[in-house]
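Whatever order the structure lists ligands and atoms in, that order sets their numbers, starting from 1. Because only heavy atoms are used, hydrogens play no part in the values below, and waters and symmetry mates are left out as well, while side chains stay in. Quick caveat, the model's predicted, so the values are computed rather than measured.
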Amino acid sequence: MAVLTILRYPDPRLHQLAKPVEKFDERLRTLVSDMAETMYAAPGVGLAATQVDVHERLIVIDVSDTKDKLQVFVNPEILGASDDAKVYEEGCLSVPGFYEEVERPDRVRVRACDEHGKAFEVDADGLLAVCLQHEIDHLNGRVFVQYLSRLKQSRIRSKLLKSEREVA
Ligand code: GNR
Ligand code: NI
């Protein structure tokens, strides 16, 4: 078990397109358990492999209050989305300290495999729907700040670059 390093915006590696997982082997299950540990330690409600610099289509999510309901999505696909949208105040472990409103479809149907390669589908609403869309965006190289105005994006970028310099 290991806590992995989370990439921070505006790291260009956050914009890489992740490739499908092909082998459901021990390496994948170790990565799932390290990602889960990293998510719980942060703490966060979700984590995409892209955020730990692994460019494969893998997400972990736990939106439970008790933090004991890990959900693993390998090669997730959005099969359908509701016409009605909802605004949610989003944050991201790769964009620490910033919370902004993002509008997305209210409900999504997602198909994925678990870490053993078994396929399943879920109908998601509420925070799970927001989180699934946020994480699948990461796999496609998209960070939530890209939904904001260019002014907000550039403010967030320069503040995070400045705080990086202060830590160094
Ligand atoms: O921990 C997280 N909380 C969150 C809150 C609102 C909308 C999305 C999220 S996901 C985020 C963890 C993260 O950055 N996942 O990529
Ligand atoms: Ni995120």
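- Inter-residue side-chain proximity for E26 and R29 is flagged as met; some heavy-atom pair is nearer than 4.5 Å.
- Side-chain contact between S82 and V108: absent, with no pair of heavy atoms (C-beta onward) separated by less than 4.5 Å.
- Using a 4.0 Å cut-off to heavy atoms of V130, the atoms of ligand 1 that qualify are 7 (C).
- Taking a cut-off of under 4.0 Å to the non-hydrogen atoms of Y88, the atoms of ligand 1 that pass are 6 (C).
- Residue Q51 has at least one heavy-atom neighbour below 4.0 Å for each of these atoms of ligand 1: 13 (C), 14 (O), 15 (N), 16 (O).
- Near E90, meaning under 4.0 Å from one of its heavy atoms, ligand 1 places the atoms 6 (C), 7 (C).
- Atom numbering of ligand 1 starts at 1 in the shown order; those under 4.0 Å from a heavy atom of H138 are 16 (O).
- In this structure, atom 14 (O) of ligand 1 lies nearest to the protein heavy atom L93 N, 2.8 Å.
- Ranking protein heavy atoms by distance to atom 13 (C) of ligand 1, first place goes to G46 O, 3.5 Å.
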*Kindly determine whether F24 and D114 satisfy side chain to side chain contact (heavy atoms under 4.5 Å, CB included), including the steps that lead there.*
CA-CA 9 Å; F24 292 83; D114 69 13; 5.8 Å; no
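- The number of heavy-atom neighbours closer than 6.0 Å to CD of E121, taken from other residues, nucleotides and ligands shown, is above 12.
- By the 4.5 Å heavy-atom criterion applied to side chains, V95 and L160 are counted as neighbours.
- Each of the following atoms of ligand 1 lies closer than 4.0 Å to a heavy atom of C92: 14 (O).
- At a threshold of 4.5 Å between non-hydrogen side-chain atoms, the residues E164 and K159 do not count as touching.
- Salt bridge annotation for D11-R13: present, with a cationic side-chain nitrogen under 4.0 angstrom from a carboxylate oxygen.
- Annotation: side chain of F144 is in contact with side chain of E100 (closest heavy-atom distance under 4.5 Å).
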*Full working for side chain to side chain contact (heavy atoms under 4.5 Å, CB included) between D137 and R104*: CA-CA 12 Å; D137 273 352; R104 302 181 186 270; 2.9 Å; yes
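- Here's the thing with E89: none of its N/O atoms is less than 3.5 angstrom from an N/O atom of ligand 1.
- Every pair passing ring-ring contact (aromatic ring centres under 6.0 Å, His included) that includes a residue from residues 99-130 is listed here, sequence neighbours excluded: F73-F120.
- Residues R8 and P96 form a side-chain contact, since some pair of their non-hydrogen atoms from C-beta on lies under 4.5 Å apart.
- Not one N or O of L127 is nearer than 3.5 Å to an N or O of ligand 1, by distance alone.
- Taking 4.5 Å as the limit, some side-chain heavy atom of E135 sits within range of a side-chain heavy atom of I61.
- Looking at atom 9 (C) of ligand 1, its nearest protein heavy atom turns out to be G91 O, 3.4 Å.
- Listed by chain and number, C92 SG, H134 NE2, H138 NE2 are the protein N/O/S atoms closer than 2.8 Å to the Ni ion (ligand 2), with waters left out.
- Residues M39 and D62 have side chains in contact (heavy-atom distance under 4.5 Å, counting atoms from C-beta outward).
- Of all protein heavy atoms, the one lying nearest to atom 3 (N) of ligand 1 is V45 CG2, 3.4 Å.
- Applying the 4.0 Å criterion to heavy atoms of G44 picks out, from ligand 1, the atoms 1 (O).
- Not one N or O of S94 is nearer than 3.5 Å to an N or O of ligand 1, by distance alone.
- Scanning the protein heavy atoms around atom 15 (N) of ligand 1, the nearest turns out to be E135 OE2, 2.6 Å.
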